Chemist: 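Attaching a single structure in structure tokens format; questions to follow.
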Amino acid sequence: MRVSVETDNEQEEVVITIKCKERTAYIERLMAAVYMVDRQITVSQKEEVLLLDLDRVLYVESVDGRCFVYTREEVYETGYRLYEMEQQLCQYLFARANKASIVNLKKIRSIRTYVNRRLLLTMENGEQLIASRQYAESIRGLLGIGRHGGHI
């Protein structure tokens, strides 16, 4: 792969062109990474590829080897694996909740302690996710909440 940058004082917007022999899964992931810079992810629904703003994402879940993105009203699929999504989303206040899901911390409506030091996360749309104890401390830390003294 070779990368080149051309500057032009008359250019009003950034244009990224990818030249390749064929459009492969690698090229698709490369394109998706570029969109992530603008806080968007590439998703698909009903054979249509869409750009989805990260601010709409409630959580991401891996089911049977496929990765799904949940918003308030829709479910989309993405070609990324969960660990790839985690790497890309961690800088945007997303955190791993359990081995199969990543949650947008800004979209949590409420948090309750749950059995065995886990957390019950209620999302803006009313859906509930369980944060395993392995990830609960990290979520508490990112949200600035303690375990005692009236806090979760």
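Quick note: numbers below take in every heavy atom, side chains included, and nothing from hydrogens, waters or symmetry partners. Since this is a predicted model, take the numbers as computed values, not measurements.
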Chemist: What I want to find out is whether R56 reaches E73 closely enough, with some N-O distance under 4.0 Å, to be called a salt bridge.
Modeler: yes
Chemist: In the single-linkage hydrophobic clustering (I, L, V, M, F, W, Y; side-chain heavy atoms under 4.5 Å), do V60 and Y135 co-cluster?
Modeler: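 Different hydrophobic clusters.
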Chemist: Does anything in residues 12-21 form a salt bridge (charged side-chain N to carboxylate O under 4.0 Å, His left out)? List the pairs, not counting sequence neighbours.
Modeler: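 Listed by first then second residue: nothing to list.
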Chemist: Check the hydrophobic clustering (I, L, V, M, F, W, Y; side-chain heavy atoms under 4.5 Å; chains of links allowed) and say if V75 and V103 are grouped together.
Modeler: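 In one cluster with V75: V103, yes.
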Chemist: Between A136 and A131, which heavy-atom pair has the shortest distance, and what is it?
Modeler: CB-O, 4.4 Å
Chemist: In terms of hydrophobic clusters joined by side-chain contacts under 4.5 Å, are M1 and I27 together?
Modeler: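 Cluster IDs for M1 and I27 match.
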Chemist: Can you tell if the side chain of L121 reaches within under 4.5 Å of the side chain of I139, non-hydrogen atoms only?
Modeler: yes
Chemist: In Å and rounded to the nearest 0.5 Å, what is the CD to CG distance from Q40 to L51?
Modeler: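 Separation between the atoms: 4.5 Å.
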Chemist: Does one hydrophobic cluster hold both L93 and L129, with members joined at side-chain heavy-atom distances below 4.5 Å?
Modeler: yes
Chemist: Just verifying a value: how many Å separate Q134 CD and R96 CZ, rounded to the nearest 0.5 Å?
Modeler: 8.5 Å
Chemist: Got a sec, which residues hit side-chain hydrogen bond (donor to acceptor under 3.5 Å, both in side chains) with R109, two or more places apart in sequence or on another chain?
Modeler: none
Chemist: Could you tell me if the side chain of T122 sits less than 4.5 Å from the side chain of R112, heavy atoms only?
Modeler: no
Chemist: Under a single-linkage definition using a 4.5 Å side-chain heavy-atom cutoff for Ile, Leu, Val, Met, Phe, Trp and Tyr, are V49 and Y80 assigned to the same hydrophobic cluster?
Modeler: no
Chemist: With a 3.5 Å distance limit and no angle check, can you tell me whether K106 reaches the backbone of F94 through a side-chain donor-acceptor pair?
Modeler: no
Chemist: Report the residues that fulfil salt bridge (charged side-chain N to carboxylate O under 4.0 Å, His left out) with R81, sequence neighbours left out, ordered by chain and then residue number.
Modeler: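 Result, salt bridge (charged side-chain N to carboxylate O under 4.0 Å, His left out) vs R81: none returned.
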Chemist: Can you tell if the side chain of Q128 reaches within under 4.5 Å of the side chain of Y114, non-hydrogen atoms only?
Modeler: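 Result no, sub-4.5 Å side-chain heavy-atom pair not found.
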Chemist: Going from CG on L58 to NZ on K107, what distance comes out if it is rounded to the nearest 0.5 angstrom?
Modeler: 7.0 Å
Chemist: To the nearest 0.5 angstrom, please state how far the CG atom of L105 sits from the CD1 atom of I102.
Modeler: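 L105 CG to I102 CD1: 11.0 Å, rounded to 0.5 Å.
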Chemist: Which pair of non-hydrogen atoms, one from L54 and one from N104, has the smallest distance, and what is that distance?
Modeler: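 The pair with the smallest heavy-atom distance is O-ND2, 3.7 Å.
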Chemist: Only counting residues at least two apart or in another chain, list the ones meeting side-chain hydrogen bond (donor to acceptor under 3.5 Å, both in side chains) with Q45.
Modeler: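 If we apply the side-chain hydrogen bond (donor to acceptor under 3.5 Å, both in side chains) test to Q45, skipping adjacent residues, the hits are E74.
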Chemist: Kindly compute the distance separating CZ (R133) from OG (S138), expressed to the nearest 0.5 Å.
Modeler: 16.0 Å
Chemist: With a 4.5 Å heavy-atom cut-off, do L119 and R140 have their side chains touching?
Modeler: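 In contact.
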Chemist: Taking side chain as C-beta onward, heavy atoms only, is V69 less than 4.5 Å from E77?
Modeler: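 No - every pair of side-chain heavy atoms lies 4.5 Å or more apart.
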Chemist: So which atom in N125 and which in T71 form the shortest heavy-atom distance, rounded to 0.1 Å?
Modeler: ND2-O, 4.0 Å
Chemist: Got a sec, which pairs hit ring-ring contact (aromatic ring centres under 6.0 Å, His included) with one end in residues 43-68, sequence neighbours left out?
Modeler: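 Every pair satisfying ring-ring contact (aromatic ring centres under 6.0 Å, His included) with a residue in residues 43-68: Y59-Y70.
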Chemist: Give a yes or no on whether the backbone of V63 and the side-chain of R66 come within a donor-acceptor separation of less than 3.5 Å.
Modeler: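 Not a single qualifying donor-acceptor pair exists.
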Chemist: For residues 2-11, which residue pairs pass the side chain to side chain donor-acceptor pair (under 3.5 Å) check, not counting sequence neighbours?
Modeler: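 Sorted pair list comes back empty.
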Chemist: When you measure from the side chain of T42 to the backbone of T78, do you find a donor-acceptor pair of N or O atoms at a distance under 3.5 Å?
Modeler: no
Chemist: Nearest 0.5 Å, please: how far is CZ in R23 from CG in L30?
Modeler: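 The distance works out to 11.0 Å.
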